[in-house]
Amino acid sequence: MGKISALKGISNTFQKHQASYSSPRKRPHKRDHAWLDVSDDDLEVRSAKKQASSSKGMHNQNHAHGPRKKPRVSAPAHLPGREPIQMQRQQLPIYAGKDAVIDVIRQNDVTVLIGETGSGKTTQVPQYLLEAGLAGSGMIAVTQPRRVAATSLASRVATEQQTSVGSVVGYSVRFDEASSSDTKIKYLTDGMIVRELLGDPLLSRYSVVIVDEAHERTLRTDLLIANLKTILQARNGSASAARDRKGKGKGKAQEPSGKLNPLKVVIMSATLEAEKFSKYFGGAKVVYVKGRQHPVTIYHTATSQPDYVDAALRTFFQVHIDQGPGDVLIFLPGQEDIESLEKSIDLYAKQLPKESLGVIILPLYASLQPAQQAKIFASTPPGMRKVILATNIAETSITIPGVKYVIDTGKCKEKRYVAKTTGTGFDTLLTRDITQSSAVQRAGRAGREGKGYCFRLYTEESFKKMPATAEPEIRRCTLTSSLLQLRCLGQNFEELDFMDQPDEGSVASALKTLFLLGALDHTKSLTPLGRQMAAFPLEPPLARALVASAEWGCTAELLTIVSVLSASSKLFVDTHDAREEAADARKKFRHASGDHMTVLNVVKAYEDVSQSEGKKARKDWCRRMFVNERCLAEAANIRAQLRDVCEKTGVDWKASAEGGQDAEARVLRAMVAGLVQNAACLQPDGSYKQLMGPSVVKIHPSSSLADKKVPAIIYDELVFTTQIYARGVSAVPRSFIAEVPVFKRRSG
DNA sequence: GAGCACTGC
């Protein structure tokens with residue numbers, strides 16, 4: 001493309017990608033980015049071994065078409081809603097290979113099915129299997145990493161089956177379930193099926209388990225896959241598919257049992273990891289299904305761009321001035337960069353000549369208010385161009401219509417746990433380079449409705465140096481919660497055969513934490529306390545604090561605090577622009593002991609407003625106080641769920657310390673029981689040093705205790721950004737920490 | 001004195 005002259009003094013030089021993704025003639029190797037190309041066959045079946053050495057597979061015999069002369073670029077990505085639903089189903093790419101898919105799954109215990117969005121695999125395969133009678137007397141489970149996907153897929157498939165959700169087709173996600181004794185196809189989150197595993201270790205209710213989006217490799221998907229391997233041995237005998245790679249994972253589940261109903265496993269994934277999944281399951285069959293994507297032309301910069309925000313600014317205006325209509329999507333790592341770029345684009349856009357298109361700038365990130373997020377779906381008015389500044393959220397979770405140009409900074413933020421064997425590790429949250437699969441995914445966002453263009457703000461060299469795929473979560477997350485769940489199943493990280501084994505240090509760290517919380521004893525066996533903790537859908541330290549609240553008669557308070565802390569959004573809204581206002585508002589709720597009691601104050605105030613005034617007044621109040629209503633609503637849901645678990649496990653959830661003089665002390669004592677490892681003491685030089693670990697930590701400036709000097713603190717978490725910050729901090733007397741049973745146990 | 005991608009029970 002060469003140099004595009006745009007605004008004076010702001011231009012980038014781009015080079016067209018050498019191996020263009022958009023060429024209809026060139027057929028890329030399967031493991032490359034075939035999905036951006038619409039190629040001539042819809043489905044191939046082949047074994048993984050053949051696939052590794054050859055790019056030419058055995059064509060599906062049911063596939064009647066010859067090679068197409070023209071790529072299907074003109075075919076609409078979304079079919080008109082007026083067409084009869086059964087016709088729509090038949091026009092999906094996977095329909096051509098329906099019989100082949102059914103046959104392969106019928107003949108194999110494990111099938112790896114590769115297909116991009118638009119192929120129809122997630123909605124159609126479960127229906128094919130049901131219609132072919134493969135469900136037998138059991139159910140077909142389809143797992144998803146995200147809640148919204150599980151619920152919306154269920155309603156789509158229910159419509160296709162001409163029933164309502166909850167009958168033949170159902171779903172199961174946290175806080176919400178729609179299923180009945182008629183249910184044959186159930187969409188559920190991976191976290192939910194791992195929970196089911198605790199009560200039904202062989203997943204005996206299911207005849208087929210389909211693991212969708214397996215390439216995302218969430219911690220829960222990896223736990224499920226490892227368990228599916230042992231379940232296959234138990235339910236199908238020593239079938240070839242369950243052949244044991246490492247000779248590990250041998251337990252009681254190994255005994256073949258004729259009585260158990262056999263299990264079929266289908267792994268659905270993106271191209272890059274197909275072989276890995278196949279190998280893991282002893283050479284499972286791999287089935288390929290083509291998706292529907294329009295071609296995207298990719299450009300790389302000629303030189304690397306250290307200031308990616310500035311490069312994005314220049315590139316945006318090059319596109320805006322030189323290119324035809326179509327919206328622009330810019331990928332940035334975080335809120336801060338988004339806000340900064342938003343200001344710059346706004347500034348330059350005002351200087352554009354009158355006859356050029358107007359610019360609508362739309363930020364998009366997870367913590368943005370839903371009303372703001374919704375703006376991206378409004379259609380672009382004539383004479384205008386939308387530019388969306390987004391984080392990773394636009395890579396998988398939200399699909400934006402109308403995007404023709406993607407600008408990719410090649411950066412993202414990644415949370416990574418740095419393990420310390422003392423159990424006192426911390427999270428880092430740092431900007432880093434994205435992976436190749438992420439880059440391909442981002443580019444693909446330009447080709448959803450027609451021909452698209454992607455401008456990468458990094459060189460082709462840099463692209464080639466990127467890691468192919470992200471490291472699976474099991475290698476970079478805290479394992480405490482998963483280890484507790486595994487111990488409930490009588491399993492260990494070391495003995496289970498995972499696709500990727502976790503880091504030894506992380507396992508040691510998790511063991512230490514669970515031991516200190518009293519969930520495991522010195523022989524690493526599960527204690528009754530541990531089993532009780534596992535019943536709560538909480539991180540183990542919070543579960544421990546909640547259980548401890550029974551001793552101190554403050555369960556009502558702890559339920560509130562723990563619910564807010566485990567909600568996915570933050571309690572306080574904090575935008576850069578109104579930082580001081582927000583801080584002022586927050587002062588009204590501040591409790592001298594710190595952030596945990598402050599949470600109680602906020603919830604109490606919110607409940608008062610809710611009771612005395614209407615919904616609108618409540619909303620206004622939240623806005624004025626910079627309180628995030630989404631967080632409070634989610635916390636109320638969690639609280640109700642936790643209350644049910646209390647009821648079942650015999651914890652008196654009504655017990656309250658309210659009004660008593662020692663209310664604060666009792667609440668803090670319960671918190672300390674869960675956060676023993678998260679304690680730090682003031683040192684003579686004014687810094688805080690971890691009590692059970694080596695690090696010096698600083699109270700995060702967002703805390704109500706920022707800059708305060710108190711003898712000892714406990715905190716919710718440590719995050720390293722520019723230094724190690726403690727977040728969610730309370731001041732506690734040192735004696736509270738010393739009195740925690742684990743210290744007594746040590747000395748006694 | 002400063003910032004936080006995403007998801008799950």
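A note on names: the letters A, B, ... follow the listed sequences, proteins ahead of strands, and every chain is numbered from 1.
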**Message:** Is there a side-chain contact between A:Thr189 and the phosphate of B:dC9, meaning an N or O under 4.0 Å from OP1 or OP2?
**Reply:** yes

**Request:** Quickly work out the A:Leu538 CG to B:dG8 P distance and round it to whole Å.
**Result:** 16 Å

**Item:** Interatomic distance, A:Leu223 CG vs B:dT7 P [rounded to whole Å]
**Value:** 20 Å

**Item:** Sugar-phosphate, base or nothing in reach of A:Thr722, heavy atoms under 4.0 Å
**Value:** sugar-phosphate

**Request:** Return each pair, listed once, that meets salt bridge (Lys or Arg N to Asp or Glu O under 4.0 Å) where at least one residue sits in residues 716-730 of chain A; pairs must be two or more places apart or across chains.
**Result:** A:Glu717-A:Arg727

**Item:** Euclidean distance, atom CD1 of residue A:Ile338 to atom C1' of B:dC6 [Å, nearest integer]
**Value:** 13 Å

**Item:** Sugar-phosphate, base or nothing in reach of A:Tyr365, heavy atoms under 4.0 Å
**Value:** sugar-phosphate

**Prompt:** If you look at every strand shown and take non-hydrogen atoms under 4.0 Å, does A:Ala366 touch a base, only sugar-phosphate, or nothing?
**Reply:** sugar-phosphate

**Request:** Respond yes when some side-chain nitrogen or oxygen of A:Lys415 is under 4.0 Å from OP1 or OP2 of B:dA5, and no when none is.
**Result:** no

**Asked** Under the ring-ring contact (aromatic ring centres under 6.0 Å, His included) test, which residues partner A:Tyr365, sequence neighbours left out?
**Response** none

**Prompt:** A:Asp190 CG to B:dC9 P: how many Å, rounded?
**Reply:** 8 Å

**Request:** Would you kindly compare A:Arg476 and A:Ser566 by the position of their nearest DNA chain B nucleotide and give the one closer to the 5′ end?
**Result:** A:Arg476

**Item:** Distance-minimising heavy-atom pair for A:Leu479 and A:Ala510
**Value:** C-CB, 3.9 Å

**Asked** Across the strands shown, which category fits A:Glu539 at heavy-atom distances under 4.0 angstrom: base, sugar-phosphate, nothing?
**Response** base

**Prompt:** For B:dA5, does OP1 or OP2 lie under 4.0 Å from any side-chain N or O of A:Arg432?
**Reply:** no

**Complete:** Nearest heavy-atom contact between A:Arg445 and A:Arg448 is NH1-NH1, 3.4 Å

**Message:** Can a donor-acceptor pair be found, under 3.5 Å and without considering hydrogens, that links the side chain of A:Ser566 to the backbone of A:Val562?
**Reply:** yes

**Request:** Kindly point out which of B:dA2, B:dC4, B:dT7 is positioned nearest to the side chain of A:Lys413?
**Result:** B:dC4

**Asked** Given B:dT7, B:dC9, B:dA2, which nucleotide is nearest the side-chain atoms of A:Gln723?
**Response** B:dA2

**Item:** Spacing of A:Leu718 atom CG relative to B:dC4 atom P, expressed in whole Å
**Value:** 14 Å

**Request:** Examine distances only and state if a side-chain atom of A:Arg147 and a backbone atom of A:Arg174 form a donor-acceptor pair shorter than 3.5 Å.
**Result:** yes

**Message:** Could you tell me how far apart A:Gln335 (CD) and B:dC6 (P) are, to the nearest whole angstrom?
**Reply:** 9 Å

**Prompt:** In whole Å, what is the span from the CD1 atom of A:Ile699 to the P atom of B:dG1?
**Reply:** 14 Å

**Asked** Is any N or O donor-acceptor pair between the side chain of A:Arg220 and the base of B:dC9 shorter than 3.5 Å?
**Response** no

**Message:** For A:Gln144 and A:Thr391, find the nucleotide of DNA chain B closest to each by heavy atoms; which residue's nucleotide sits nearer the 5' end?
**Reply:** A:Thr391

**Request:** Nearest whole angstrom, please: distance from the P of B:dA5 to the CD of A:Glu339.
**Result:** 9 Å

**Message:** Students often get this wrong, so: under 4.0 angstrom with heavy atoms, is A:Val194 touching a base, only sugar-phosphate, or nothing?
**Reply:** nothing

**Request:** Looking at every strand, decide which applies to A:Phe536 at a 4.0 Å heavy-atom threshold: base, sugar-phosphate, or nothing.
**Result:** nothing

